[in-house]
Each structure stands twice: as C-alpha cells, then as structure tokens.
Amino acid sequence: MASEMASEQALQQAQAEELTLRVAESKSGYFGVHHHPGRPNPYKAEVWHGGKQVQLGSFATAEEAALRVARSPEGQAAAAELAAAPAPLTSEEARQQAHAENLTLVVVAENKTGYFGVGHLPGSRAKPYQAQVSRGGKNVHLGYFATAEEAALSVARSLEGQAAAVERAAAAERAAAAPVPLTSEEARQQ
C-alpha cells in the first residue's frame with residue numbers, strides 16, 4: 001500500500017514539475033532504473049554520462065527512481081544523448097556500412113556472437129550486444145547495440161578492430177601458403 005502511494009506521488013510530482021519519466025524495455029520499465037529484488041529499496045537509479053556510471057540512489061518504487069533520474073542533470077543529459085542517437089542498424093545495414101567504409105567485421109569462432117570484440121548480454125535489453133576492445137591493457141567499452149553486426153561495426157571502426165582484421169588476414173594468408181601435409185599413402189608413394 002505504501003509503495004502504491006509512493007508510486008502515485010512520484011507520478012503526480014513528475015507531472016507537476018513537467019518532467020517525463022522515460023519508459024524503457026527493462027524489468028523496471030523506466031530508463032536509468034534497475035530492479036534489484038530482495039532489498040529494502042530495490043529500485044536503483046543510475047545512468048551512464050560522459051563515459052562514467054552515475055549513481056543517483058535507491059528507492060522503494062520504480063517511479064520514485066525514475067523521477068530522480070528525470071530530475072538529475074546527469075539523467076537529463078543521458079536521456080538527451082539517447083534521444084539524439086541514430087536509430088539502430090539492422091544486421092544487413094551494418095554489413096553494408098562496413099563495406100561502404102572499407103572495414104572488415106572480424107569473424108571469430110571463440111565467442112557466441114561470432115565477431116571479434118562483441119559479447120552478448122542476454123535478457124530483455126533492447127541493445128543486448130556489447131562492443132569492447134582492449135586498449136593499453138584496459139578494456140574499453142564502445143557501447144551497446146541492437147545487433148551483433150552493428151556492435152562488430154563499432155569494433156571495426158576502432159584501431160584495435162582494424163589491427164585484428166589485418167592480423168586475421170595475415171593468418172589466413174599464412175595458412176593458405178602453408179604446404180598441405182601428405183597422407184600416409186602419398187608419403188609411401190614418394
């Protein structure tokens with residue numbers, strides 16, 4: 001009952017302040033709000049801004065947390081960045097863009113996505129593919145994407161992704177130039 005009142009009060013306050021509680025495809029239903037069940041205040045307000053994660057607090061309801069995000073300068077900036085971001089590319093559009101930019105989406109068998117530097121984060125995310133590279137011994141996050149190919153395009157645009165493409169091509173050339181081993185029958189015939 002208390003949380004229903006808190007939810008309703010947060011919604012009324014947002015309306016009074018002319019703030020929009022941005023909805024999102026997440027367990028909480030709101031942008032910048034993460035649900036952590038089993039805690040006294042299970043809704044955590046946090047956003048990424050300027051490459052850093054900004055913690056805004058924990059709340060009893062998703063609406064209270066969303067109101068905190070909407071009120072904060074970091075939340076407003078992150079929401080503006082999100083709104084200004086281009087629409088996600090389909091797999092085919094990402095491949096076409098890579099071709100247009102003369103980039104190689106490096107294919108690997110070592111991970112489930114099939115692409116170098118691309119990981120898959122299962123769940124109800126709108127952008128479940130993460131692109132990251134190692135730079136100077138540190139992991140550098142390049143973003144979250146709707147398709148593995150879009151994430152691979154982001155990696156391909158990085159210097160590390162371009163170096164991986166060159167290395168993969170050189171390895172393929174070395175493998176193609178290597179002599180084919182003889183079968184035991186062929187060896188006996190020589």
Participant: Does His120 reach the side chain of Lys112, with side-chain heavy atoms less than 4.5 Å apart?
Facilitator: no
Participant: Do Leu121 and Tyr129 touch side chain to side chain, with heavy atoms closer than 4.5 Å?
Facilitator: no
Participant: Rounded to the nearest 0.5 Å, how far apart are CD of Gln132 and OH of Tyr144?
Facilitator: 8.5 Å
Participant: Looking only at heavy atoms, which two atoms of Phe116 and Gly161 are closest? And how far apart?
Facilitator: CE2-CA, 4.1 Å
Participant: What distance separates Arg71 CZ from Leu21 CG, expressed to the nearest 0.5 Å?
Facilitator: 9.5 Å
Participant: Does atom CD of Gln12 have more than 12 heavy-atom neighbours, drawn from other residues, nucleotides or ligands, at distances under 6.0 Å?
Facilitator: yes
Participant: Between Arg174 and Glu167, is there a side-chain N and carboxylate O pair less than 4.0 Å apart?
Facilitator: yes
Participant: Ignoring hydrogens, what is the shortest heavy-atom contact between Arg135 and Ser158? Give both atom names and the distance.
Facilitator: NH2-CB, 4.4 Å
Participant: Do you know the tightest heavy-atom contact between Leu105 and Ala156?
Facilitator: CD2-CB, 4.1 Å
Participant: With heavy-atom distances below 4.5 Å as the criterion, would you say the side chains of Leu89 and Phe145 are in contact?
Facilitator: no
Participant: To the nearest 0.5 Å, what is the distance between NE2 (His36) and OH (Tyr43)?
Facilitator: 11.0 Å
Participant: Which heavy-atom pair separates Gln76 from Leu19 by the least distance, and what is that distance?
Facilitator: NE2-CD2, 4.3 Å
Participant: Look at atom NE2 of His141 and say whether more than 12 heavy atoms of other residues, nucleotides or ligands are closer to it than 6.0 Å.
Facilitator: yes
Participant: Tell me if the CG atom of Asn139 is crowded by more than 12 foreign heavy atoms within 6.0 Å.
Facilitator: yes
Participant: I want to check something: taking the side chain as every heavy atom from C-beta on, are Leu142 and Val140 in contact at a cut-off of under 4.5 Å?
Facilitator: yes
Participant: Glu150 side chain to Ser91 main-chain N or O, any donor-acceptor pair under 3.5 Å?
Facilitator: no
Participant: At what distance, to the nearest 0.5 angstrom, does CD of Glu46 lie from OG of Ser72?
Facilitator: 12.0 Å
Participant: Measure the CD-OG1 distance between Gln130 and Thr113 for me, rounded to the nearest 0.5 Å.
Facilitator: 11.0 Å
Participant: So does Val33 get a backbone contact from the side chain of Ser28, meaning a donor-acceptor N/O pair under 3.5 Å?
Facilitator: yes
Participant: Do Val155 and Val133 have side chains that approach each other closer than 4.5 Å (heavy atoms only, starting at C-beta)?
Facilitator: yes
Participant: Step by step, would you call Tyr115 with Val107 a side chain to side chain contact (heavy atoms under 4.5 Å, CB included)?
Facilitator: CA-CA 5 Å; Tyr115 293 103; Val107 177; 4.1 Å; yes
Participant: Please give me the minimum heavy-atom distance between Ala45 and Phe59, naming the atom from each residue.
Facilitator: CB-CE1, 3.9 Å
Participant: Taking atom CD of Gln9 and atom CD of Glu63, what is their separation to the nearest 0.5 Å?
Facilitator: 11.5 Å
Participant: Of the non-hydrogen atoms in Val69 and Gly32, which two are nearest, and what is the gap between them?
Facilitator: CG2-O, 3.7 Å
